[in-house]
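Working notes, structure below.
Side chains are part of it too, since the values below use all heavy atoms of this structure and drop only hydrogens, waters and symmetry mates.
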Amino acid sequence: MNRLSITIFATVLATAVTAFSPSVNQHNFNFALNAATLDGQEIRGEITPLGNFVLVRTKDTLAATGGGILLPDQSQERPTEGLVMSAGPGRLHPHTGIRIHNPVSEGMSVLYGKFDGTPLTYNDEQMQMIRDDDVLLFYEGSKMSKKNVTPCRDYVLVKLDVEKFETSSGVVIAASVTKDDLPCVGTVFKVGEGRMCSTGEFTPSSFQEGQRVKFKDYAGNDIQIDGDNYSLVRMIDILCQG
């Protein structure tokens, strides 16, 4: 075997050894790329929500009137808006074993109760681990609008009847800002897929868009969409329709 052949053989052998036996340094490099942190502790990779859990990053929001006038904050306990970072496949029904699908997925935006879920710090960012049952409404896109919102499951999105009046300085504000009684009458704007029955399947909503409804006092979750006032109400909290 001449010198050229020996050189070629040695090169091929070195390449094969490297391919099948990565060095410790290469292993450490790959681990560093995949590493993440949870509550300040390093973990081996990205976390994966199980069952019907949903990992959400809270969005920063600022409420103001159309003219830029900030009103007294009524929303200390109103829904929180967040971006879904990852979501589980859904939970299993305890009696039938049917997989109850998770209505949201990565990239969607959701509204959920202010005090729902468990806070955690993931990759140095404040996030919340909630359940799909905590989701009131979801949408796709950068901003919530009347066209892209969908009430979650048995929620009904009701456009509220809100009286307005003008102050002495000419500023028009909602009457509900000045009194404790919140409106509980309105028109059905959108409905969710329905209420889950004992088998794990969903019964379609009995309400239709355009119907007039009255619901229990303080049962709704008040939100603003495109400047109009709405409330998200569960089907069982609606008292009557017309």
Please report the closest heavy-atom contact between Gly192 and Ser205, naming both atoms and the distance. O-CB, 4.1 Å
Minimum side-chain heavy-atom gap Met196-Ile100 below 4.5 Å: yes
Output yes when Arg131 and Asp116 qualify as a salt bridge under the 4.0 Å nitrogen-oxygen rule, no when they do not. no
State the SG-CG distance between Cys184 and Leu239, to the nearest 0.5 angstrom. 7.5 Å
Within a strict 4.5 Å, meaning less than it, do heavy atoms of the Leu83 and Lys59 side chains meet? yes
For the side chain of Arg99 and the backbone of Gly90, is there at least one donor-acceptor N/O pair under 3.5 Å apart? yes
So do Val110 and Leu137 actually touch side chain to side chain, heavy atoms under 4.5 Å? no
Side chains of Asp222 and Ser231: donor-acceptor distance under 3.5 Å anywhere? yes
Gap separating the CE atom of Met127 from the CG atom of Asp124, nearest 0.5 angstrom: 10.0 Å
Is the count of non-hydrogen atoms from other residues, nucleotides or ligands lying under 6.0 Å from Gln241 atom CD greater than 12? yes
Do Val54 and Gln128 make a side-chain contact, defined as non-hydrogen atoms from C-beta onward lying under 4.5 Å apart? no
Kindly compute the distance separating CD1 (Ile47) from CG (Leu120), expressed to the nearest 0.5 Å. 5.5 Å
Out of curiosity, Thr118 OG1 to Phe53 CZ, how far, rounded to the nearest 0.5 Å? 7.0 Å
Single hit among Asp228, Val188, Ile225 for side-chain contact (heavy atoms from CB on, under 4.5 Å) with Lys159: Asp228
Going by distance alone, is a donor N or O of one side chain under 3.5 Å from an acceptor N or O of the other, for Thr58 and Tyr112? yes
Residue pair Ile236 / Arg195, side-chain heavy-atom distance below 4.5 Å: yes
Taking C-beta and beyond as the side chain, do Pro103 and Val135 meet within less than 4.5 Å on heavy atoms? no
For residues Leu157 and Pro151, report the shortest heavy-atom separation together with the two atoms involved. CB-CG, 3.8 Å
Do Val156 and Phe215 make a side-chain contact, defined as non-hydrogen atoms from C-beta onward lying under 4.5 Å apart? no
Are Thr187 and Arg212 linked by a side-chain donor-acceptor pair shorter than 3.5 Å? yes
Stepwise side chain to side chain contact (heavy atoms under 4.5 Å, CB included) check, Ile223 with Leu111: CA-CA 10 Å; Ile223 61 173; Leu111 288 183; 3.8 Å; yes
Side-chain donor-acceptor pair present, Thr150, Lys190, cut-off under 3.5 Å: no
For Thr121 and Gln126, what are the C-alpha separation, side-chain angles and deciding distance, and is it a side chain to side chain contact (heavy atoms under 4.5 Å, CB included)? CA-CA 5 Å; Thr121 303; Gln126 295 301 315; 3.0 Å; yes
Correct closest heavy-atom pair for Tyr122 and Ala36 would be CE1-CB, 4.1 Å
Heavy-atom check, side chain of Thr203 versus side chain of Cys197, under 4.5 Å: yes
Nearest heavy-atom neighbours spanning Gly117 and Ile130: CA-CG2, 3.9 Å
Salt bridge present between Asp154 and Arg234 (N-O < 4.0 angstrom): yes
Using modelled atom types and a 3.5 Å cut-off, is there a donor and acceptor pairing between side-chain atoms of Asn148 and backbone atoms of Ser145? yes
In terms of side-chain geometry, is the basic nitrogen of Asp132 or Arg91 positioned less than 4.0 Å from the acidic oxygen of its partner? no
If we ignore hydrogens and angles and just use 3.5 Å, is the side chain of Gln41 paired with the main-chain N or O of Leu38 as donor and acceptor? no
Of all the heavy-atom pairs spanning Asn102 and Ala87, show the shortest one and how long it is. ND2-CB, 3.9 Å
To the nearest 0.5 Å, what is the distance between OH on Tyr139 and CE on Met108? 12.0 Å
Quick one: pull up CD in Glu81 and CZ in Arg57 and give me the separation to the nearest 0.5 Å. 12.5 Å
Determine, step by step, whether Glu46 and Asn123 satisfy the side chain to side chain contact (heavy atoms under 4.5 Å, CB included) criterion, reporting the C-alpha distance in whole Å, the side-chain angles of both residues, the deciding distance to 0.1 Å, and the verdict. CA-CA 9 Å; Glu46 297 181 354; Asn123 290 340; 5.9 Å; no
If you compare all heavy atoms of Pro183 against all heavy atoms of Leu160, which two are closest, and at what distance to 0.1 Å? CG-CD1, 3.8 Å
side-chain hydrogen bond (donor to acceptor under 3.5 Å, both in side chains) between Ser109 and Glu140: does it pass, once the steps are laid out? CA-CA 6 Å; Ser109 294; Glu140 295 187 74; over 6 Å; no
Is it the case that one hydrophobic cluster holds both Met85 and Ile43, taking links as side-chain heavy atoms less than 4.5 Å apart, direct or via other members? yes
Under the side chain to side chain contact (heavy atoms under 4.5 Å, CB included) rule, what do Phe207 and Met235 come out as? Steps first, then yes or no, please. CA-CA 8 Å; Phe207 301 98; Met235 291 167 53; 4.1 Å; yes
